[in-house]
Amino acid sequence: MGHLDSHCHFDAPEFDADRADVAARALEAGVGELVLPGVGVEWFERAPVSAHGLRLHRAAGLHPFYDHPPDALERLARAVASGEFVAIGETGLDKRRRHADSEALCAAQLDLALAYGLPVILHVVHAHEDLIALLKARPGLTGVVHAFAGPWELARRYLDLGFKLGIGGIATWPTARKLQGAVARCPADGYVLETDAPDLSPEWRRGERNEPREIEAIARVVARLRGEEPASVLACSDANGRAVFRLKD
């Protein structure tokens, strides 16, 4: 089956020219499954891209950083009702660009996730207190805090709410000391590995397009931080990701 990249924009335009080659490199590196988040109606309403030998799982969401049409929530609800998606997301809060209705948009997607029993993929920038308040008001939600980059104290708050930490390329950056401390202390059932390809490249690919093949290399860094073997980190991540997204063998 291969390892799971729990957050990868394999359907992004950056891969249009060589998607088959990207897939081949991922398979060669032992990566066999990808979760593809949606960031807007144009993503979750279009036909899926060719898998090129990978097992693809799609999510549907309205990203907090982007503008969306007035009927976006209704279209999202119709898409989710189809049963074709494993999660809602990316959703969340991003205070770099505050929309007037950003909190309401996020809350509506969290409610939709509860209604359909789906996990959520959370994008959060400079808005942890606000997002945690929304999550606390909705007990029973599960999912992944995508691209987690905070210290252990913040990590523990999300873990206590039943969420996994999405750990990717940021953990390999020399400047990410607080995150690396959180990775070292995170319980074995509390994290999933991700690339966010084509974005958030690990240290050895900074300035270059990221690819799902980097999962195993990221696992080696995480293993070193945790004092474990890479195979153990990969096994935990795969099991955690398949559990939270309810992926079947």
Do the side chains of [X] and [Y] get close enough for a salt bridge, i.e. N-O under 4.0 angstrom?
X    : Y    : result
R75  : E45  : yes
R213 : D21  : no
R46  : D11  : yes
R78  : D71  : no
E129 : R157 : yes

> Are more than 12 heavy atoms from other residues, nucleotides or ligands located less than 6.0 Å from atom CD of E153?
Replying inline: yes

Is there a donor-acceptor pair closer than 3.5 Å between any side-chain N or O of [X] and the backbone N or O of [Y]?
X    : Y    : result
R246 : A87  : no
E84  : V80  : no
T91  : H63  : no
Q109 : I88  : no
R58  : V35  : no
K164 : V145 : no
Q180 : L225 : no
R96  : F65  : no
D238 : L4   : yes
T142 : G162 : no

Side-chain touch [X]/[Y], heavy atoms, less than 4.5 angstrom:
X    : Y    : answer
W173 : L200 : yes
N210 : D199 : no
R185 : R226 : no
L154 : F148 : yes

>> Tell me the closest heavy-atom pair linking F44 and A79, and the distance in Å.
In response: CD1-CB, 3.7 Å

If you measure from [atom1] on [X] to [atom2] on [Y], what distance do you get to the nearest 0.5 Å?
X    : Y    : atom1 : atom2 : value
E33  : S6   : CD    : OG    : 11.0 Å
L135 : Y158 : CG    : OH    : 6.5 Å
Y191 : L159 : OH    : CG    : 12.0 Å
I215 : S237 : CD1   : OG    : 6.5 Å

>> Please report whether the ring centroid of H9 lies less than 6.0 Å from that of H7.
In response: yes

>> Please tell me whether L93 and L114 are part of a single hydrophobic cluster in this structure, the criterion being side-chain heavy atoms less than 4.5 Å apart.
In response: yes

> Does R206 count as lying over the ring of W204, i.e. NZ or CZ under 6.0 Å from the six-ring centre, within 45 degrees of the axis?
Replying inline: no

> Would R19 count as a cation-pi partner of F10, with NZ or CZ less than 6.0 Å from the six-membered ring centre and within 45° of the ring normal?
Replying inline: yes

